[in-house]
2 protein chains.
Amino acid sequence: MGGWEEVRAEVLRRIRAREWVPGAVIPGEEALAVEFGVARATVNRALRELAEAGLLERRRKAGTRVALLPVRKATLEISIIRQEVEARGEVYAHRVLESRMEGVPLAVALRMGVPVGVGMLFLETLHLAGGRPFAHEVRWLNVGVLPGGAVPDFSVTSANEWLVQNVAYATGDIAFSAEAASGAEAAALGISAGDPVFVTERVTWTAEAPITFVRLLHGPGYRLRTMV
Amino acid sequence: MGGWEEVRAEVLRRIRAREWVPGAVIPGEEALAVEFGVARATVNRALRELAEAGLLERRRKAGTRVALLPVRKATLEISIIRQEVEARGEVYAHRVLESRMEGVPLAVALRMGVPVGVGMLFLETLHLAGGRPFAHEVRWLNVGVLPGGAVPDFSVTSANEWLVQNVAYATGDIAFSAEAASGAEAAALGISAGDPVFVTERVTWTAEAPITFVRLLHGPGYRLRTMV
DNA sequence: TCGCCCATTATGTATAGACATAATAACGCA
DNA sequence: TGCGTTATTATGTCTATACATAATGGGCGA
């Protein structure tokens, strides 16, 4: 048996075929290395990947066992909205509806971990696909942490894209939910008030300070997809 | 400098600090290994992780460069509903509302890749958290591929959990969307018709055949969260 | 008997060296 | 000059070996 991918495939086959049942300890790396005729490091690489995928549980000394209730991990690819639109074969455009300095309200302050009323740039943007509304974005931006200091013109490059290019590689957390569109939101998206919208809320941080809070609304028909 | 995590951290720091700008080729593994005083394999491990996270792009011969438009990867943990409810500190229960053999309708047949009218087990389940409706599940189950052949009693262990334990480790795809609750769905969840619901649809496969199609509805207030 | 400490053990990581592979860049030929 | 072939090169992977680390289970002592 050849490389680590073959080892992974064979181990996966044994798990699926229930040759190794959930909860049971499987042979150690050393034993598998001998059986498969590879080095232990190769087995380690294969088992590590399966553990990261949630199919195996590994603990030092205790050994490796097949997960009893495997928590499957699906990976979502978070790309910029322009790419998402263009991937559908449509022409992207965006329009800045609002752009002003404003003190953050309580809900935003709590999420960003800053005091209420801190001055941030408030941005409201409509993203268009083929001229039709695609997503409505509301954003608070901590201009203090921007590289260069000056605030760029977001009507040229959207804040979404500009941030990915210029303050990227930050950490953050994301939440998805379904909500009813408010009157203003519905008007922007060209739907009716009360219609269900797919909401993405994201807070982004550097090591020290919060960068931005975004609330993104997608109208009916939007689907977020992934594979497992 | 010590292990691969330290190397990863330092490389990440240089990317964030823009010492290495997006699009630029960074030094080769050999050079970094010398600079950090570690083996090339250690640098390789660190760079591979960053590439998997979408921050670096690596190509043989061409070298490693900082991603221009990094596609961030967020991992969603797909756990069984009982675990999800219990993680909130609430008591889980479920009720099977419907359970009968039935030919699959067109929409389901298309998603599962089977002919219209194929006989499958139709299941309708309500998941409860602390006695209150938590999620409404509609499922078509390809009983032909179940291990053992016999159909278990899903009123004891929910189909959701039973499948994870018994036909787990399958592949599939998942889609999330926001929809308006139909009258029947709203009644089951104890909300009003037209209220926005968070919809999760999942098709699961073994290597050969489709196993199940699930449509899961979460009422208002539900949030799907993850970190980046 | 109970509880603490430590030997044991499987995984986790690091290393140097080697070869494989993909893709570019350079070369040579027409 | 244009195009196809080849040499070069950075990443990808494998191996053997060594040591680190966490956690278990047994042994020891109170």
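Letters A, B, ... mirror the listed sequences (proteins, then strands); counts begin at 1.
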A:Asn44 side chain, from C-beta outward: closest of C:dT24, C:dT15, C:dT13 | C:dT13

Flag yes if more than 12 heavy atoms outside A:Arg95 fall under 6.0 Å of its CZ atom; otherwise flag no.
-> no

Between atom CG in A:Leu47 and atom P in C:dA10, what is the gap in whole Å?
-> 14 Å

Start with the C-alpha distance between B:Arg111 and B:Glu201, add both sets of side-chain angles, then the distance that settles salt bridge (charged side-chain N to carboxylate O under 4.0 Å, His left out), and finish with yes or no.
-> CA-CA 10 Å; B:Arg111 284 168 171 280; B:Glu201 290 186 335; 2.8 Å; yes

Would you mind reading off the distance between A:Glu57 atom CD and D:dA22 atom P, rounded to a whole angstrom?
-> 19 Å

Verify whether one side chain among B:Glu84 and B:Tyr222 offers a donor that lies under 3.5 Å from an acceptor in the other.
-> yes

Around atom CZ of B:Arg225, are there more than 12 heavy atoms of other residues, nucleotides or ligands at under 6.0 Å?
-> no

Nearest to the side chain of A:Arg58, which nucleotide is it out of C:dG12, D:dT11, C:dT15?
-> C:dG12

Answer yes or no: is there a side-chain heavy-atom contact under 4.5 Å between A:Leu141 and A:Leu146?
-> yes

Report the distance from atom CZ of A:Arg45 to atom C1' of C:dA14, rounded to the nearest whole Å.
-> 16 Å

Would you mind reading off the distance between B:Glu52 atom CD and D:dT11 atom P, rounded to a whole angstrom?
-> 16 Å

Do B:Arg40 and D:dG12 share a donor-acceptor pair, side chain to base, under 3.5 Å?
-> yes

Nearest-nucleotide check on DNA chain D, A:Lys61 vs B:Pro27; residue mapping nearer the 5' end is B:Pro27

Between A:Glu5 (CD) and C:dA20 (C1'), how many Å, whole number?
-> 14 Å

D:dA10 phosphate, OP1 or OP2: any side-chain N/O from B:Thr64 under 4.0 angstrom?
-> no

Would you say A:Arg59 reaches D:dT24's phosphate, i.e. side-chain N/O to OP1/OP2 under 4.0 Å?
-> yes

Give the rounded distance in Å between these two atoms: CD of A:Glu49 and P of C:dT11.
-> 17 Å

Flag yes if more than 12 heavy atoms outside B:Arg223 fall under 6.0 Å of its CZ atom; otherwise flag no.
-> yes

If an axis is fit to five pairs at each end of the helix from C:dT1-D:dA30 to C:dA30-D:dT1, what is the angle between the two, to the nearest 10°?
-> 0°

Just compare C:dT13, C:dT24, D:dA10 and give me whichever is closest to any side-chain atom of B:Arg60.
-> D:dA10

Output yes when at least one side-chain N/O atom of B:Thr42 is less than 4.0 Å from OP1 or OP2 of C:dT13, else no.
-> no

By nearest nucleotide on DNA chain C, pick out whichever of A:Arg48 and A:Ala62 is the more 5' one.
-> A:Ala62

Kindly assign one of parallel, tilted or perpendicular to the pair B:Trp162 and B:Phe154, based on the angle between their ring planes and the thresholds 30° and 60°.
-> perpendicular

How many Å lie between CG on A:Leu32 and P on D:dC14, as a whole number?
-> 15 Å

Of the nucleotides D:dG12, C:dT24, D:dC14, which has the atom closest to the A:Trp4 side chain?
-> D:dC14

Could you tell me whether a side-chain N or O of A:Arg58 sits under 3.5 Å from a main-chain N or O of A:Thr64, the two making a donor and an acceptor?
-> no

Interatomic distance, A:Glu30 CD vs D:dA16 C1' [rounded to whole Å] = 11 Å

